[in-house]
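Accompanying notes for the structure given below.
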Amino acid sequence: MDILSHTITGIAVGAGVGNFVKPPASRGIFILIGALGGAFPDIDAISLWSKFDSTLGSWLHLTHTGEQIYCGKFWYSHHGFFHSLLAMALFGSLFYWIPFLKNKISKKKVVLKVHTMWALTFFLAGTFHLLEDMPTPDNIWGGVRLFFPFEVYIGGWNYIWWWNNYDLFLIILLSAMLAIILLYIPHSFRFKKIITSGILCIGIVMYCFQVHQRPVFIFDSTSSQYPKNEANSLLLQQSLLPPYLYQTMKKLDEHLPLYF
Ligand SMILES: [Zn+2]
């Protein structure tokens, strides 16, 4: 799926976790860590950067081009190590260890619970990214390497196209907005945790429902079929959304300088 949807999913997760932590824990940090965690796995797409070969590729003496790496099955290829639970746990744990060590050195009191929740936020936001990538086409990788270092790729189910899943984006956006609103409601509001859990659960159910109610439209996900599949995906969106919403999303899509 597209990076914007992943990032907003991370924000929904971050705000959701933040609702379970008592102030004075900064609310904004949960949103920020959630966004970072949601976008993080796609850091492995850096090999597609136009200057990758002349910079990182040459400094690290890589024998393959950035494009070969991106489309390959090396551990550092797209959907490889960085799309695994292990990577999310390792990088997520830094949000616990770095403040912990820093406070230990400066002999400050350590707020362990908040740091644990930061680490959990990053891990969960990234895990949702991995789950969102699974229903995408099987072309190239055939899923994500969820259980790295095991070599099996999980996903590539051909349920949704790589991008322009406007209906899914709107569900994610709505869930994130509601979770953020709740985040700024005083913690004394006793139903805060229940409502947060309810919003996130309803969001997940609606997302899965939308994915599963799509007709099968990707019969051949190879690169030569990209234009056909993309056109079919857009037609599907047109049939799913009311005209005004579809037109608004399409305009947004055309104006964004990234795949959406
Ligand atoms: Zn991804």
Side-chain angles (χ1 to χ4, degrees), residues 1-14 32-50 52 56 66-92 94 120-173 175-176 203-204 207-208 210-211 214 218 221-223 226 229-230 233 253 256-260:
M1 270 189 77
D2 60 277
I3 188 80
L4 188 62
S5 300
H6 288 314
T7 308
I8 294 177
T9 301
I11 289 174
V13 171
L32 188 67
I33 295 177
L36 268 176
F40 181 78
D42 281 348
I43 198 169
D44 56 20
I46 196 172
S47 49
L48 267 196
W49 175 40
S50 58
F52 178 85
L56 282 170
E67 201 178 333
Q68 286 169 333
I69 291 167
Y70 179 83
C71 299
K73 292 231 172 170
F74 306 104
W75 69 266
Y76 46 92
S77 291
H78 193 44
H79 283 201
F81 166 69
F82 290 98
H83 276 69
S84 73
L85 293 174
L86 178 66
M88 293 318 300
L90 281 177
F91 287 96
L94 295 179
L120 182 71
T121 300
F122 188 87
F123 176 78
L124 285 178
T127 301
F128 269 95
H129 177 134
L130 310 182
L131 294 174
E132 285 174 344
D133 276 350
M134 287 183 190
T136 54
D138 61 352
N139 185 31
I140 306 182
W141 309 282
V144 296
R145 211 167 153 185
L146 189 70
F147 297 114
F148 184 94
F150 294 106
E151 288 189 9
V152 61
Y153 282 69
I154 299 175
W157 296 323
N158 287 323
Y159 290 156
I160 61 175
W161 188 235
W162 296 111
W163 40 80
N164 68 40
N165 292 293
Y166 305 153
D167 55 338
L168 304 180
F169 173 80
L170 288 167
I171 292 170
I172 294 167
L173 185 66
S175 308
I204 293 168
Y207 186 100
C208 294
Q210 282 300 108
V211 168
R214 278 162 161 65
I218 305 170
S221 71
T222 54
S223 306
Y226 264 37
N229 285 325
E230 186 158 327
S233 177
D253 189 353
L256 282 174
L258 40 84
Y259 287 119
F260 169 68

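Both counts, for ligands and for their atoms, begin at 1 and track the order of listing. Hydrogens, waters and symmetry mates are skipped; everything else that's a heavy atom, side chains included, is used. Numbering starts at 1 and runs along the sequence shown.
- Taking a cut-off of 2.8 Å, the protein N, O or S atoms nearer than that to the Zn ion (ligand 1) are Asp42 OD1, His83 NE2, His129 NE2, Asp133 OD2.
- Side-chain polar atoms of Thr9 and Glu132 form a donor-acceptor pair below 3.5 angstrom.
- Annotation: Phe52 is not in aromatic contact with Tyr70 [ring centroid separation under 6.0 Å not met].
- Residue pairs satisfying the salt bridge (Lys or Arg N to Asp or Glu O under 4.0 Å) criterion with at least one member in residues 3-14, sequence neighbours excluded, are absent.
- Between the CE atom in Met1 and the CZ atom in Phe260 there is a gap of 8.5 Å [rounded to 0.5 Å].
- Classification of Asp44 and Arg145 as a salt-bridged pair fails, no side-chain N sitting under 4.0 Å from a carboxylate O.
- To the nearest 0.5 Å, atoms CG (Asp133) and CG (Leu146) are separated by 10.5 Å.
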